[in-house]
Amino acid sequence: MRPSRLNQHSFLFLLREASASAAARRRLPPLHALLVKLGLQPYARVHNALIQAYAASGLVDDARRVFDGMSHRDTVSFNSMIHAHAMSGDVVSARRLFERVPSPTPVTWTSMVAGLCRAGDVAAARRLFEEMPVRDLVSWNAMMSGLAGNRRPVEALCLFRRMMAEGFAPNRGTVLSALAACAGAGALETGKWIHAFVERKRLFRWWDEFLGTALLDMYAKCGAVELALDVFTKLRSRNTCTWNAMINGLAMNGYSAKALDMFRKMELDRTVVPDEVTFVGVLLACSHGGFVDVGREHFHMIEKKYGIRLILEHYACMVDLLARSGHLQEAHKIIAGMPMKPDAVVWRALLGGCRLHKDVKMAETAISEMEATCSGDHVLLSNLYAAVGRWSGVEDVRRTMRSKGIEKIPGCSSIEINDSIHEFVSGDKSHPSYNDIHAKLAEISARMQQQGYVTETAEVFYDVEEEEKEQALGHHSEKLAIAFGLIGGPPNVAIRIVKNLRFCADCHKFAKLVSQIYHWEIVVRDRARFHHFTEGACSCNDFW
């Protein structure tokens with residue numbers, strides 16, 4: 001007897017419900033058995049729903065068994081199974097299925113692109129994307145989101161501009177991906193354009209808490225704190241993520257007191273509850289502000305008052321606060337008492353304090369206890385040896401790096417000018433405007449020397465003559481970007497730079513003096529925080 005449509009619809013409804021929560025997922029096997037009992041096996045629609053339910057529950061092997069047992073598979077069957085494999089990280093199985101699809105639809109292609117991005121193989125995803133015979137808006141969004149999520153924001157923005165040029169109208173997903181890319185690249189002008197475009201075209205009725213959070217997060221990560229605060233104030237509704245984005249944004253930009261004040265306001269808002277991310281921002285604010293006692297108080301009340309389990313990031317922030325403030329032994333004691341294994345970020349926080357306070361012994365201890373080190377850790381130790389004149393230690397570090405095959409990561413800085421993002425690598429001379437940049441650096445150097453500027457050579461990696469050190473420092477990527485900003489940037493508009501490494505002492509001093517001599521605001525985001533330079537002063541108060 002043919003099952004009624006009511007049976008099919010009821011079963012589909014039950015499957016959707018079963019994949020919605022962990023408790024309900026336990027009903028999937030009994031529902032599968034019911035499918036057989038009701039005689040619904042011949043219906044591809046039901047099987048597809050079962051595959052999707054198993055996949056949503058993380059039971060990919062069960063989904064595959066359903067797929068393999070189907071006598072007839074349609075495009076949705078392949079889409080669903082490819083998506084299940086891809087989202088679980090099994091891109092090999094996903095690719096094999098993809099190659100078996102008789103007539104791949106844009107949905108099939110997009111599932112494969114998204115899966116490759118999720119697995120981190122962005123190059124393969126991009127190749128597949130370019131091979132697509134037809135692309136829809138979801139395809140563009142998937143590729144943009146994959147690029148932004150894999151720290152390739154400049155490529156994501158290039159793709160966004162190309163998508164717009166080809167006549168696609170952005171939707172909610174597009175805007176979220178594009179704003180994330182702007183945040184990653186520090187592309188403030190593009191972010192402003194997206195904000196204005198959305199409002200001009202009335203793409204949404206209003207900026208809800210999710211879109212609004214993405215917008216204010218973009219402004220904060222571009223160093224435009226006032227714009228972020230303006231968005232935050234105007235939002236009709238805010239969730240915990242919104243408050244977190246604002247607290248963290250204030251903290252990373254050096255507005256430590258304002259970040260803590262924002263947290264107090266959050267506590268008074270009974271509609272939201274702080275979570276572990278909230279306290280990352282709170283402790284970050286304490287670290288950047290040097291508020292040791294306040295930081296200790298918040299650190300100890302995370303579990304006691306709020307019942308929130310301490311995570312690695314909390315420990316990293318607390319170690320950073322203590323180490324930077326000179327409490328190196330206390331910082332090391334916290335690491336020793338961690339219930340989980342400290343990661344490289346925690347150890348690097350301690351190393352940063354060792355650099356500031358020239359504690360070679362503690363730095364050596366940290367390096368020896370780290371399970372995995374990268375070039376930055378060894379360079380930091382080497383710079384510390386150099387700062388105290390222990391050139392034999394510098395040579396030991398160089399030998400260690402050579403023996404382990406560790407290469408120094410080159411500094412890279414990017415700057416957005418006239419809707420284009422320009423990237424500079426330390427020592428690189430390939431930029432089309434290099435001759436003008438070099439001439440500008442010479443001009444800056446002459447004017448700085450008149451101000452009594454002396455190059456900070458202590459952090460140069462090699463034991464070479466002072467003149468050679470000065471030449472090496474003169475080609476750091478942020479100096480190239482600042483010089484280019486002075487040449488090509490519009491007047492009275494802040495120079496905004498994103499750098500992949502920590503600011504060195506000499507480049508920090510350089511930026512302060514340039515802001516004073518040229519009366520030009522400079523904003524630099526390094527790997528740890530923002531530095532806002534105005535008239536010879538930095539928002540970090542030289543504490544970074």
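Throughout, residue positions are numbered sequentially from 1 according to the sequence presented. Values below: every heavy atom of this structure, side chains too, minus hydrogens, waters and symmetry copies.
Proximity of a side-chain donor or acceptor of Arg502 to a complementary backbone N or O of Gly352 within less than 3.5 Å is not detected. Judged purely by atom type and a 3.5 angstrom limit, Ser477 has no side-chain atom pairing as donor or acceptor with the backbone of Val425. Listed for the Asn248 side chain is a donor-acceptor partner under 3.5 Å among the backbone atoms of Asn244. Side-chain atoms of Asp208 come within 3.5 Å of backbone atoms of Phe210 as a donor-acceptor pair (strictly under, hydrogens ignored).
Ring centroid separation for the pair Trp243 and Phe232 comes in under the 6.0 Å cut-off. Ring-centre distance between Phe503 and Phe533: below the 6.0 Å cut-off. Taking the ring centroids of Phe299 and Phe279, they lie at or beyond the 6.0 Å cut-off.
For the residue pair Glu276/Tyr306, the side-chain donor-acceptor check at 3.5 Å is not satisfied.
The aromatic rings of His532 and Tyr255 sit perpendicular, their planes meeting at an angle over 60°, well past the 30° parallel limit.
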Derivation of the ring-ring contact (aromatic ring centres under 6.0 Å, His included) call for His298 and Phe263: CA-CA 11 Å; His298 283 299; Phe263 170 65; 5.6 Å; yes

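Among Val319, Leu322, Asp320, the single residue meeting the side-chain contact (heavy atoms from CB on, under 4.5 Å) criterion with Ser287 is Asp320.
The two residues Glu423 and Val154 have their closest heavy-atom pair at OE2-CG2, 4.1 Å.
Cys182 places none of its side-chain heavy atoms less than 4.5 Å from the side chain of Trp193.
Between the NE2 atom in His431 and the NE2 atom in His438 there is a gap of 16.0 Å [rounded to 0.5 Å].
Salt-bridge formation is detected for the pair Lys512/Asp542: a Lys NZ or Arg NE/NH1/NH2 atom is positioned less than 4.0 Å from an Asp or Glu carboxylate oxygen.
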